[in-house]
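For ligands, and for the atoms within them, numbers begin at 1 and follow the listed sequence.
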Amino acid sequence: MGQTLFVPREVLEGEGRVAASPDTVKRLLGLGFEVIVEAGAGAGSRLADAEFEKAGARLGKAGDAGGADVILKVRRPTREELAGYRKGALVLAMMDPFGHEGEVAAMARAGVVGFAMELMPRITRAQSMDVLSSQANLAGYRAVIDAAAEYDRALPMMMTAAGTVPAAKVFVMGAGVAGLQAIATARRLGAVVTATDVRAAAGEQVASLGAKFVMTDALKDASGEGGYARELTEEEKRAQAELIAGHIAKQDIVITTALIPGRPAPRLVTAPMVASMRAGSVIVDLAVERGGNVEGAQAGSVVVTDNGVKIVGHVNVAGRVAASASLLYARNLFAFLETLVDKEKKQLAVDWEDELVKATLLTRDGAVVHPRLVEAAAAAEGADDEARAGGRRRRAAPAGARGASRKPATRKSRGEN
Ligand code: NAD
């Protein structure tokens, strides 16, 4: 008798992605699962119920989660969702655990075995499970498309009988997965592209995409652990700011993607830098949900500054390309789940000592088990109990929700998020 796997419709408003595709349903059946997909789960990704059925899934309703051994999700389950899950069920999702320790503790209390896909180690064996890369790639692409849509001039140079339209100048800050895809996309649209990063290794990758790498001599290399960036020293920050200030005033479009693991996003573009850009220029801050690279960016809004610069702060940018993002995410999930199954016996067989399991496992047997979360969750649990006991504790607003110092015109992001 096979084990049951459930794919719910995401409950977070504006989340159009889904954790399975007809392709992965077929593969999941091959692993021996009975697959139930909640009706309408794929609607936001243009995956019709009939397609899931054709692939061999049974259509179900939210309540079917209660009988499932495995639940595949995009977002961390809410407390309401958790209340309907079976103890011991495996739940795979992008859990966004840091800063949400109380929610992780709730998962432990619900007795589910929670895996955070974004904590997957970036090693060769796990490349196909790397949700950060699959989603950042699409976010980088979409950032350029969003910028082009907001920009009221053309991106490519056009030589016409009526005159020449100059190519737009695009500057990409942070040349990791999202940044490199942004560079490639902007180049394909015919823009003149420059890019910067604090990791020297990024320079070659930028050049290989046909963009110019902009870097100051004062900043040789700020590569940190695991190929990520480290935070800059004050002196390095000053040198970088000087370099950017000179460059940015000449740019038409700026895309920022800079992140430092475990830290708020570095502030790279200051209000005076924004003020130095000409009217009609566009800045897209892909780091807005992590505190923002750009002063004045607002999560979920397009801000228009006094000097006519648009600062785009869409959230869940990968979700703005939901149909593509879901297909890649579903494959990431399948690749990991496959390692948790005994293919001969066609049943779940989690190797708790496997490094991928150890790195991603958040909760098991009623407890928070991830080393980085154990302490923090205990503290949050205490705070939660206090709140339940009557104290009305306000959570600190996320850094990304910080408003601009002035009050520029804002427009809410379009419905997708
Ligand atoms: P990230 O999302 O953590 O950061 C985005 C970029 O911002 C990085 O390139 C970082 O160097 C840059 N940055 C940080 N501070 C900056 C600052 N002050 N100014 C300018 N730029 C700044 O990074 P990521 O996209 O996840 O990629 C990080 C690294 O991991 C890269 O070396 C990438 O090639 C590598 N990677 C490896 C694998 C794998 O081996 N499977 C998969 C994906 C990425």
Side-chain angles (χ1 to χ4, degrees), residues 94 96 98 117-143 171-185 194-209 211 213-216 218-245 247-248 251 254-270 273 283-295 317-318 328 331-332 335-336 355-356 359-360 400:
M94 286 184 279
D96 190 16
F98 303 111
M117 290 300 293
E118 64 270 65
L119 300 184
M120 195 64 70
R122 283 179 143 175
I123 55 174
T124 309
R125 175 159 87 95
Q127 252 176 3
S128 58
M129 311 166 199
D130 184 353
V131 297
L132 289 182
S133 287
S134 75
Q135 304 302 292
N137 237 312
L138 286 163
Y141 157 80
R142 181 70 204 216
F171 181 37
V172 177
M173 307 184 71
V177 178
L180 290 172
Q181 187 56 254
I183 293 167
T185 306
T194 52
T196 192
D197 200 295
V198 293
R199 293 179 299 109
E204 249 175 61
Q205 293 170 312
V206 167
S208 76
L209 290 171
F213 193 55
V214 179
M215 173 73 122
T216 157
L219 210 163
K220 292 274 185 291
D221 186 20
S223 297
E225 251 174 67
Y228 289 99
R230 62 162 168 78
E231 192 161 19
L232 301 184
T233 63
E234 287 306 316
E235 201 170 311
E236 287 171 329
K237 278 184 194 166
R238 259 196 306 280
Q240 190 191 30
E242 216 170 279
L243 169 85
I244 294 169
H247 189 64
I248 225 168
Q251 302 303 312
V254 176
I255 314 264
T256 71
T257 75
L259 292 174
I260 301 164
R263 310 270 319 146
R267 180 52 54 86
L268 301 179
V269 181
T270 61
M273 292 180 195
I283 304 176
V284 178
D285 188 348
L286 273 191
V288 74
E289 286 168 275
R290 299 270 302 274
N293 293 141
V294 182
E295 191 171 354
V317 177
L328 300 187
R331 281 296 287 270
N332 291 146
F336 180 46
E355 65 176 318
L356 306 186
T360 53

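In the vicinity of Ser133, heavy-atom distances shorter than 4.0 Å reach the ligand 1 atoms 42 (C), 43 (C). Here is the list of ligand 1 atoms found below 4.0 Å of a heavy atom in Ala175: 9 (O). Listed by number with element, the atoms of ligand 1 under 4.0 angstrom from any heavy atom of Tyr228 are 3 (O), 26 (O), 28 (C).
Using a 4.5 Å heavy-atom cutoff, the side chains of Met120 and Val131 are not in contact.
Proximity of Asp130 to ligand 1, defined as any heavy-atom pair under 4.0 Å, is confined to the side chain (atoms from C-beta onward). At a heavy-atom cutoff of 4.0 Å, ligand 1 is contacted by the side chain of Gln240 but not by its backbone. Contacts between Leu268 and ligand 1 below 4.0 angstrom, taking non-hydrogen atoms only, involve the side chain exclusively. Residue contacts with ligand 1 for Gln127 involve side-chain atoms from C-beta outward but no N, CA, C or O (heavy atoms, distance under 4.0 Å).
With sequence neighbours excluded, the residues that form a ring-ring contact (aromatic ring centres under 6.0 Å, His included) with Phe336 are Phe115.
At distances below 3.5 Å, not a single donor-acceptor pair connects side-chain atoms of Gln181 with backbone N or O atoms of Ala139. Using a distance-only test at 3.5 Å, with no hydrogens or angles considered, a donor-acceptor pair links the side chain of Asn293 to the main chain of Pro266. Within the 3.5 Å criterion, the main-chain N or O of Ala175 finds a donor-acceptor partner in the side chain of Asp197.
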Exercise for the section: Evaluate side-chain contact (heavy atoms from CB on, under 4.5 Å) for Glu118 paired with Gln135, printing each intermediate quantity in order. Expected result: CA-CA 10 Å; Glu118 64 270 65; Gln135 304 302 292; over 6 Å; no

Exercise for the section: Evaluate the criterion side-chain contact (heavy atoms from CB on, under 4.5 Å) for residue pair Phe171 and Thr196; output intermediate values, then yes/no. Expected result: CA-CA 8 Å; Phe171 181 37; Thr196 192; 3.7 Å; yes

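Interatomic distance, Arg230 CZ to Ile260 CD1, rounded to the nearest 0.5 Å: 9.5 Å. Taking OG1 from Thr270 and CD1 from Ile244, the interatomic distance works out to 9.0 Å, rounded to the nearest 0.5 Å. Rounded to the nearest 0.5 Å, atoms CG (Asp130) and OG1 (Thr124) are 11.0 Å apart.
Protein heavy atom closest to atom 17 (C) of ligand 1, with residue, atom name and distance, is Val198 CG1, 3.5 Å. Nearest non-hydrogen protein atom to atom 40 (O) of ligand 1 is Arg122 O, 3.5 Å. In terms of protein heavy-atom proximity, atom 14 (C) of ligand 1 is closest to Leu259 O, 3.1 Å. Atom 8 (C) of ligand 1 has Asp197 OD2, 3.5 Å as its closest protein atom, hydrogens excluded (heavy atom only). Regarding atom 22 (C) of ligand 1, its nearest protein heavy-atom neighbour is Ala258 CB, 3.5 Å. Residue, atom and distance of the protein heavy atom nearest to atom 5 (C) of ligand 1 are Thr257 O, 3.3 Å. The closest protein non-hydrogen atom to atom 29 (C) of ligand 1 is Gly227 O, 3.3 Å.
For atom 34 (O) of ligand 1, no protein heavy-atom neighbour is present inside the 4.0 Å cut-off.
The residues Arg238 and Glu235 are annotated as not salt-bridged, no charged nitrogen and carboxylate oxygen being separated by less than 4.0 angstrom.
Taking distance alone, with nitrogen or oxygen atoms compared against 3.5 Å, Gln205 stays at or beyond that limit from ligand 1. Considering backbone and side-chain N/O atoms, Ile123 never comes within less than 3.5 Å of an N/O atom of ligand 1. Where the criterion is an N or O separation shorter than 3.5 Å, residue side chain and backbone included, Val177 meets it with respect to ligand 1. The N/O atoms of Arg199, backbone and side chain alike, include one that comes under 3.5 Å of an N/O atom in ligand 1.
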Can you give each donor-acceptor pair under 3.5 Å made by side-chain atoms of residues 198-206, sequence neighbours left out, with the distance rounded to 0.1 Å?
none

